Each structure stands twice: as structure tokens, then as C-alpha cells.
Amino acid sequence: MENTSSQKLLGSVELSSDILKSVKAEVKTIADLSKKIESYLEEKTTDLLDCILASALTLEASDIHFEPQEEEGKLRLRLDGMLHDILMFDLDVYKKLASRIKLLSKIKLNISDKPQDGRFSISADDILVEIRTSSLPSEYGESIVMRVLNPKNLMGLDELGLREDLRTLFNKEIQKPNGMIIVTGPTGSGKTTTLYAFLKKIQNPDIKIITIEDPIEYHMQGVSQTQVAPEKGYDFAEGLRSIVRQDPDVILVGEIRDLETAGIALQAALTGHLVLSTLHTNDAAGTIPRLVDLGAESSSIAPALNMAIAQRLVRKVCHGCSIMVKPTAEEKMELEKNLSGLKIKIPSIDKIPKIKGCQLCNQTGYKGRKGVYEAFLIDDEMERFILTNPPISSVKDLAVKKGMVTMYQGGLIDVLLGTTTIEEVKRVIGE
């Protein structure tokens with residue numbers, strides 16, 4: 001078979017238009033994908049990997065998992081946040097694929113007993129897609145996961161699917177010349193996508209934007225982006241110190257992980273910079289106690305922080321097979337109980353989506369994902385309250401009292417808008 005890719009450089013794969021057309025024409029479902037990849041198992045390793053990569057891009061997978069078993073290798077893809085088994089294949093094929101991926105990712109081939117990280121890029125249809133590779137020793141060999149960072153996922157603020165009240169709030173806050181906006185949530189909840197949407201909205205030739213990330217997930221023209229290199233002593237704290245000396249207007253810090261980074265970021269927010277960053281907490285109210293846990297002073301947090309946001313990603317119902325139905329008595333009670341008393345307009349509770357499953361959504365009933373958010377502002381009352389070192393529950397109570405719509409309530413509003421289901425909201429956010 002003719003080689004379907006031209007892999008010019010170590011760390012770079014150029015997928016040919018032939019393989020992309022072939023995969024796009026033949027791969028519509030997971031079953032199609034399994035058959036397509038199976039047909040490449042006897043081909044060269046480079047062609048097999050190209051087929052897997054092209055298929056992952058076509059189905060818009062966020063992660064590709066290669067997992068060695070006792071007698072076989074397993075391929076799985078994460079689609080819309082859920083892992084799907086694709087194919088089992090011979091261990092010999094698995095080892096060849098692992099070696100090829102490590103070579104492309106500039107990971108040491110002779111080391112298999114320690115975790116390693118690397119990256120490479122795919123050129124497809126004039127789009128450059130970054131692949132972040134992680135290898136981890138496991139019982140039967142190296143487990144390899146590739147995170148697909150597709151620039152197609154880089155959205156503008158108006159494409160995030162925000163409620164009108166949130167869109168107005170976010171638009172107002174990101175226009176401020178100084179202060180800090182923190183987005184919280186677990187890994188894979190879309191925090192970086194939200195921060196980049198903010199950058200896209202405020203970017204203009206009159207301001208200087210600098211980012212420090214680990215790693216750079218999306219490349220943006222007109223933005224100075226830097227990547228930490230801990231092995232060279234260039235971590236978030238050191239990078240942030242240098243960035244502040246570069247006279248920026250807006251600073252994006254990929255993640256606040258320690259007191260030193262938190263302290264410099266808060267100081268930057270107090271000295272005329274707009275600082276955007278992320279934290280790992282369960283909800284927006286957890287932002288303040290988390291910063292305190294890191295060692296930051298309440299007297300710095302209160303005046304520096306402008307807004308705290310939390311988010312999750314829920315799957316959207318497939319418009320090819322979902323239908324709108326009357327909610328059951330139990331569902332109606334759940335919706336009314338949680339949405340009564342809100343200060344924003346609530347859609348009618350007459351109809352909610354019911355999923356079926358079809359070829360378009362791989363029989364799951366869902367296709368694509370959207371963010372569900374909660375956010376509150378640090379006004380004078382909240383600022384004074386923060387100085388008392390309150391627990392998370394008290395911060396949340398005050399934020400709700402002042403009009404914050406919780407993530408769960410936001411998810412239920414999306415149910416009424418026909419976007420997702422109560423079951424999906426409960427799965428992702430809890431009650």
C-alpha cells in the first residue's frame with residue numbers, strides 16, 4: 001500500500017488529504033472506526049498511526065488511550081468526555097505503535113520504567129493540531145495517552161453558549177483594567193477554553209497580553225505565550241516575575257499551584273494588571289479558601305479578586321434523535337424545587353429533552369458538550385466578608401443570597417432550554 005503520510009520531521013506528522021478523505025467518508029460511528037483501523041493492522045506502523053490520528057480528529061476525540069493488557073493491546077477514545085473501547089490488537093502491534101508515538105513525541109525510547117511526557121503536532125487540512133503525550137509504566141507495558149489540542153476548540157465568548165446574564169457579567173468584568181478573574185474546576189472541565197475566550201474578546205492592538213502555561217494549549221496570534229520549563233528552573237513563579245517586568249496589560253497564568261505564584265499574581269492584580277488564572281476547586285466559593293490554604297493573605301485576596309467562576313462540561317443532546325417531552329411529576333418537582341426564587345428569568349417547565357440514540361451520536365443520545373457555570377463578584381460586602389476567613393459554605397450562601405445561580409441550577413436551566421438532560425446534569429455536577 002502507498003504510504004499515506006509524509007512525516008517530514010521528528011515531532012511532526014503531516015496527514016495526507018487521501019487518508020483524511022478516506023476516513024471522513026468511511027468513519028461516522030465507533031463501529032465504522034473499529035473496522036477502518038482493523039483494516040490497517042497489517043500495514044506499516046506509520047500508516048496505522050496516521051489512520052488512528054485521522055479518525056480521532058474526524059470524530060473530535062479529546063484523548064487517545066493505548067493500554068497494554070496481558071495478551072493484547074487496547075485502543076480507546078474519549079468522545080464528549082466518555083471513554084469508548086475501539087479495538088483490541090496484537091501486543092506486537094501495540095509495541096510498534098508505542099515506539100512510533102514515543103519517537104514522534106521526543107520521549108526516550110530506552111526508558112519504560114518511568115513516567116515521561118512529550119508532544120508533537122499534526123498538520124491536517126491546513127490546521128496544526130498539538131498532541132500532548134503521556135507514557136506511564138503499567139503491569140504489562142507502557143500505557144500511553146495522547147491529549148488532542150485541536151485549535152477548532154478555541155472559541156470566542158459568544159460561542160460558549162452562555163446564558164444572557166452570564167454573558168453580560170463576563171463581558172463587563174473582562175473589560176476592567178486590573179484585578180483577578182479565577183476559573184475553577186477539575187481537569188478537563190474546559191477552564192482553558194473559557195480563559196482563551198476571554199482573551200479573544202479583549203485582544204486588540206492597544207494592549208499587551210502575555211501568558212505563562214504548562215504547556216501552551218492553543219496558539220493565538222498577537223499574544224506573547226511562554227511555557228514553563230521546571231527542569232531549567234523556569235516555573236510559574238519565576239515566569240510570572242519576568243512577565244510583570246514586560247509591561248503587560250493582561251496576564252494569563254495557566255494555573256496557580258503554590259503560594260509564590262499566588263502571591264505574585266495577586267500583587268500583579270493590585271498593581272494595574274488584569275490577571276486571568278485557574279485553580280482546582282469544586283465550586284466558585286472554594287476559590288477563596290483554596291487561596292488561603294496555599295498561604296495567601298485574606299487582606300490581599302479580597303481587594304485583588306474581581307470574580308470567581310466554576311464550570312463543568314455537560315453533554316448536549318443529539319438533535320438527530322432527541323425529542324421534547326412533558327416532564328414526569330418527579331422531574332417537574334425537581335425543576336421547580338431548585339429553580340424557584342431565582343433572580344433571572346426561567347424558561348417554561350412544559351417540555352424537557354428525552355434522548356433516544358442514533359447513528360449520528362453513536363447510540364449515546366448525546367453529541368458535543370457545553371459549559372455549565374456559576375460565578376460571583378467580589379463587591380464591597382463580599383470583600384469585607386472575605387477578611388473574616390469564612391468557610392466555603394458561608395461564602396456560597398452569601399454569593400447565592402446576592403443572586404448567584406449555582407452550576408446545578410444552571411444545568412437545569414439548560415435542560416429547560418432543550419440543551420441537555422437532568423440525568424446528565426446530575427452525572428456531571430451532582431445535586
Side-chain angles (χ1 to χ4, degrees), residues 81 157 160-173 181-186 189-191 193-194 197 279 281-289 307-317 322 324-355 366 368-379 381-382 385 390-431:
L157 197 59
L160 291 179
L162 298 169
R163 289 194 317 270
E164 192 56 43
D165 59 305
L166 282 175
R167 186 188 295 113
T168 302
L169 177 65
F170 291 177
N171 267 317
K172 181 182 173 186
E173 291 304 307
I181 296 172
I182 290 182
V183 182
T184 75
S189 59
K191 300 185 296 294
T193 301
T194 298
L279 266 179
T281 67
N282 287 328
D283 55 16
T287 302
I288 293 146
M307 179 170 62
I309 304 167
Q311 72 174 83
R312 298 290 188 278
L313 293 176
V314 294
R315 290 179 295 171
K316 296 190 292 186
V317 296
S322 65
M324 297 296 284
V325 299
K326 190 176 177 181
T328 64
E330 188 182 349
E331 288 168 337
K332 190 169 184 178
M333 189 168 70
E334 176 76 7
L335 291 161
E336 287 175 340
K337 180 182 77 172
N338 285 282
L339 297 179
S340 63
L342 290 184
K343 296 178 182 179
I344 62 170
K345 188 177 178 183
I346 303 301
S348 162
I349 301 181
D350 294 340
K351 296 283 182 74
I352 62 172
K354 182 179 180 181
I355 58 170
Y366 299 95
R369 290 190 291 174
K370 76 173 297 293
V372 177
Y373 305 84
E374 65 183 24
F376 68 91
L377 297 178
I378 314 301
D379 59 9
E381 183 183 358
M382 184 64 81
F385 190 55
I392 293 175
S393 56
S394 299
V395 176
K396 185 169 186 174
D397 287 346
L398 180 57
V400 168
K401 181 183 169 187
K402 294 175 78 64
M404 181 179 82
V405 177
T406 67
M407 273 188 292
Y408 185 63
Q409 290 171 327
L412 294 182
I413 291 170
D414 280 332
V415 171
L416 297 181
L417 292 170
T419 308
T420 189
T421 63
I422 293 177
E423 293 77 17
E424 177 67 2
V425 172
K426 287 183 177 179
R427 182 187 73 81
V428 174
I429 302 169
E431 295 184 49

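None of the values given here were measured: they were computed from a predicted structure.
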Measure across [X] and [Y] and return the closest heavy-atom pair with its distance rounded to 0.1 Å.
X      : Y      : value
Glu423 : Glu331 : OE2-OE2, 4.0 Å
Leu398 : Glu381 : CD1-OE2, 3.6 Å
Gly418 : Val317 : O-CG2, 3.4 Å
Ala197 : Leu160 : CB-CD1, 3.8 Å
Pro390 : Ser394 : CB-CB, 4.2 Å
Leu416 : Pro347 : CD1-O, 3.5 Å

Taking the side chain as every heavy atom from C-beta outward, state whether [X] and [Y] have any pair of such atoms under 4.5 Å apart.
X      : Y      : value
Met307 : Leu169 : yes
Ile392 : Asp283 : yes
Leu339 : Gln409 : yes
Ile309 : Ile182 : no
Arg312 : Pro186 : yes
Ile352 : Leu335 : yes
Asp397 : Val395 : no

Interatomic distance, [X] atom [atom1] to [Y] atom [atom2] [nearest 0.5 angstrom]:
X      : Y      : atom1 : atom2 : answer
Met382 : Met404 : CE    : CE    : 8.0 Å
Arg369 : Thr419 : CZ    : OG1   : 15.5 Å
Leu157 : Leu166 : CG    : CG    : 10.0 Å
Ile429 : Gln311 : CD1   : CD    : 10.5 Å
Tyr408 : Ile413 : OH    : CD1   : 12.0 Å
Asn338 : Ile422 : CG    : CD1   : 9.5 Å

Exercise for review: Could you go through the side-chain contact (heavy atoms from CB on, under 4.5 Å) check for Tyr373 and Thr194 one step at a time?
Suggested key: CA-CA 10 Å; Tyr373 305 84; Thr194 298; 3.6 Å; yes
Between [X] (side chain only) and [Y] (backbone N and O only), is there a donor and an acceptor less than 3.5 Å apart?
X      : Y      : value
Glu374 : Met407 : yes
Glu173 : Phe170 : no
Lys191 : Gly185 : yes
Glu424 : Arg315 : yes
Thr168 : Glu164 : yes

Does atom [atom1] of [X] have more than 12 heavy-atom neighbours from other groups under 6.0 Å away?
X      : atom1 : value
Asn282 : CG    : no
Lys354 : NZ    : no
Lys332 : NZ    : no

Practice item. Take Val425 and Asp414 through the test side-chain contact (heavy atoms from CB on, under 4.5 Å) and record every step on the way to the result. Key: CA-CA 9 Å; Val425 172; Asp414 280 332; 5.9 Å; no
Point to revise | SB check Lys343 Asp165 (cutoff 4.0 Å) | key: no
**Study point:** Carboxylate-amine/guanidinium contact Asp350 Lys326, below 4.0 Å
**Key:** no
**Study point:** side-chain contact (heavy atoms from CB on, under 4.5 Å) evaluation trace for Thr328 with Met333
**Key:** CA-CA 9 Å; Thr328 64; Met333 189 168 70; over 6 Å; no
Point to revise | Short side-chain donor-acceptor distance under 3.5 Å, Tyr366 and Thr421 | key: yes
